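All values reported here derive from a predicted model rather than from experimental measurement.
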Amino acid sequence: ESSTYDPDADDKEYSGTISSIEEDEIKVGSKRYKLSSSVKVDIVVGDDDIDDIDDLVELYEGGDAEIKVDVTVKNDEVTRIEGYVSEIEGYLDYMTVSNDRYPRGKMGVGVDGAGHIYFNFDEDTRIDIDGTEYDDININSLKNLVNGDGVSDVKVKFDDDGLATSVKD
């Protein structure tokens with residue numbers, strides 16, 4: 001006889017943006033949850049990811065990152081946090097262009113409390129700096145600016161794979 005027992009049946013998932021986080025508690029939207037001491041973490045941050053609760057707390061406390069998550073709750077405790085950084089703000093000071101006919105490459109932003117976050121961009125990424133929208137015609141002039149003086153107060157938005165969807169100051 002087959003059993004209908006499902007060990008994950010009691011798990012509940014909730015989604016939203018982190019509104020506060022500490023080592024033992026997370027607030028997603030307006031709901032507060034206790035964290036399991038063995039909570040699993042998987043957050044996409046540009047071309048990298050975070051798999052440690054302390055690193056996630058540090059990134060959040062840096063204050064310039066918006067983090068969208070799905071949390072799994074079992075027995076009133078969060079056992080898993082999965083998601084991605086949807087927006088950061090910082091100092092754009094690194095850029096490579098791997099293909100200027102279809103603008104794509106990599107950028108790096110220094111974010112308070114989080115160090116450097118590197119991410120990829122492609123021809124669908126909207127890049128708008130100092131009132132200029134950049135494309136295949138002028139992408140290398142932006143690269144020279146970024147790698148020269150850099151650009152402060154740049155806001156980067158990401159999709160759930162960590163690819164930049166917009167880069168704006």
Between [atom1] of [X] and [atom2] of [Y], what distance do you get to the nearest 0.5 Å?
| X | Y | atom1 | atom2 | answer |
| --- | --- | --- | --- | --- |
| Glu13 | Arg80 | CD | CZ | 9.0 Å |
| Leu35 | Glu23 | CG | CD | 9.0 Å |
| Leu59 | Ile18 | CG | CD1 | 8.0 Å |
| Asp169 | Ile127 | CG | CD1 | 12.0 Å |
| Glu66 | Ser86 | CD | OG | 3.5 Å |

Heavy-atom side-chain proximity of [X] to [Y] below 4.5 angstrom:
| X | Y | value |
| --- | --- | --- |
| Met107 | Leu92 | yes |
| Asp54 | Glu58 | no |
| Val156 | Phe119 | yes |
| Tyr84 | Lys68 | yes |
| Leu142 | Ile129 | yes |
| Ile43 | Val45 | yes |
| Val167 | Phe121 | no |

Item to complete: Evaluate the salt bridge (charged side-chain N to carboxylate O under 4.0 Å, His left out) criterion for residues Lys27 and Glu25: first the C-alpha distance (whole Å), next the side-chain angles of each, then the deciding distance (0.1 Å), finally the verdict.
Response: CA-CA 7 Å; Lys27 188 174 175 189; Glu25 187 176 80; over 6 Å; no

Fill in: Within 45° cone of Tyr94 ring axis and under 6.0 Å: Lys106 NZ or CZ
no

Taking all non-hydrogen atoms of both residues, which atom of [X] and which atom of [Y] are closest, and how far apart?
| X | Y | result |
| --- | --- | --- |
| Val109 | Glu89 | CG1-C, 4.4 Å |
| Tyr134 | Ser141 | CE2-OG, 3.6 Å |
| Glu133 | Asn138 | O-ND2, 3.4 Å |
| Asp93 | His116 | OD1-NE2, 2.8 Å |
| Glu87 | Phe158 | N-CD1, 4.2 Å |

Practice prompt. In sequence, state the C-alpha distance, the side-chain angles, and the governing distance for Ile26 and Val39, and then conclude on side-chain contact (heavy atoms from CB on, under 4.5 Å).
Written response: CA-CA 11 Å; Ile26 187 170; Val39 64; over 6 Å; no

Worksheet entry | Val28, Ile50, Val71 screened by side-chain contact (heavy atoms from CB on, under 4.5 Å) with Ile81, the one that passes | Val71

Worksheet item: Out of Val44, Asp47, Asp122, which one pairs with Leu163 under the side-chain contact (heavy atoms from CB on, under 4.5 Å) rule?
Response: Asp122

Sub-3.5 Å donor-acceptor pair from the side chain of [X] to the main-chain atoms of [Y], do we have one?
| X | Y | result |
| --- | --- | --- |
| Tyr14 | Lys31 | no |
| Asp52 | Asp55 | yes |
| Asn147 | Met95 | yes |
| Asp76 | Val73 | no |
| Asp135 | Ile137 | yes |
| Ser98 | Arg104 | yes |
| Asp159 | Gly162 | yes |
| Ser15 | Asp70 | no |

Discussion item. Counting neighbours of CG on Asn75 that are heavy atoms of other residues, nucleotides or ligands and sit closer than 6.0 Å, is the number greater than 12?
Written reply: no

Discussion item. As a quick check of understanding, evaluate side-chain contact (heavy atoms from CB on, under 4.5 Å) for Thr17 and Ile67, giving each step before the final call.
Written reply: CA-CA 6 Å; Thr17 301; Ile67 308 164; 5.9 Å; no

Worksheet item: Taking it one step at a time, do Ile88 and Asp64 satisfy side-chain contact (heavy atoms from CB on, under 4.5 Å)?
Response: CA-CA 5 Å; Ile88 57 168; Asp64 287 328; 5.8 Å; no

Item to complete: Verify the cluster assignment for Tyr118 and Val154: are they in a single hydrophobic cluster under the rule of side-chain heavy atoms below 4.5 Å apart?
Response: no

Discussion item. Checking Arg126 against Asp128 for the salt bridge (charged side-chain N to carboxylate O under 4.0 Å, His left out) test, could you report, in this order, the C-alpha distance in whole Å, the side-chain angles of both residues, the deciding distance, and whether it holds?
Written reply: CA-CA 6 Å; Arg126 187 184 163 115; Asp128 216 329; 3.1 Å; yes

Fill in: Test log, rule side-chain contact (heavy atoms from CB on, under 4.5 Å), inputs Asp49 and Asp42
CA-CA 7 Å; Asp49 58 345; Asp42 185 13; 3.5 Å; yes

Worksheet item: Do Asp11 and Thr72 have a side chain donor and acceptor closer than 3.5 Å?
Response: no

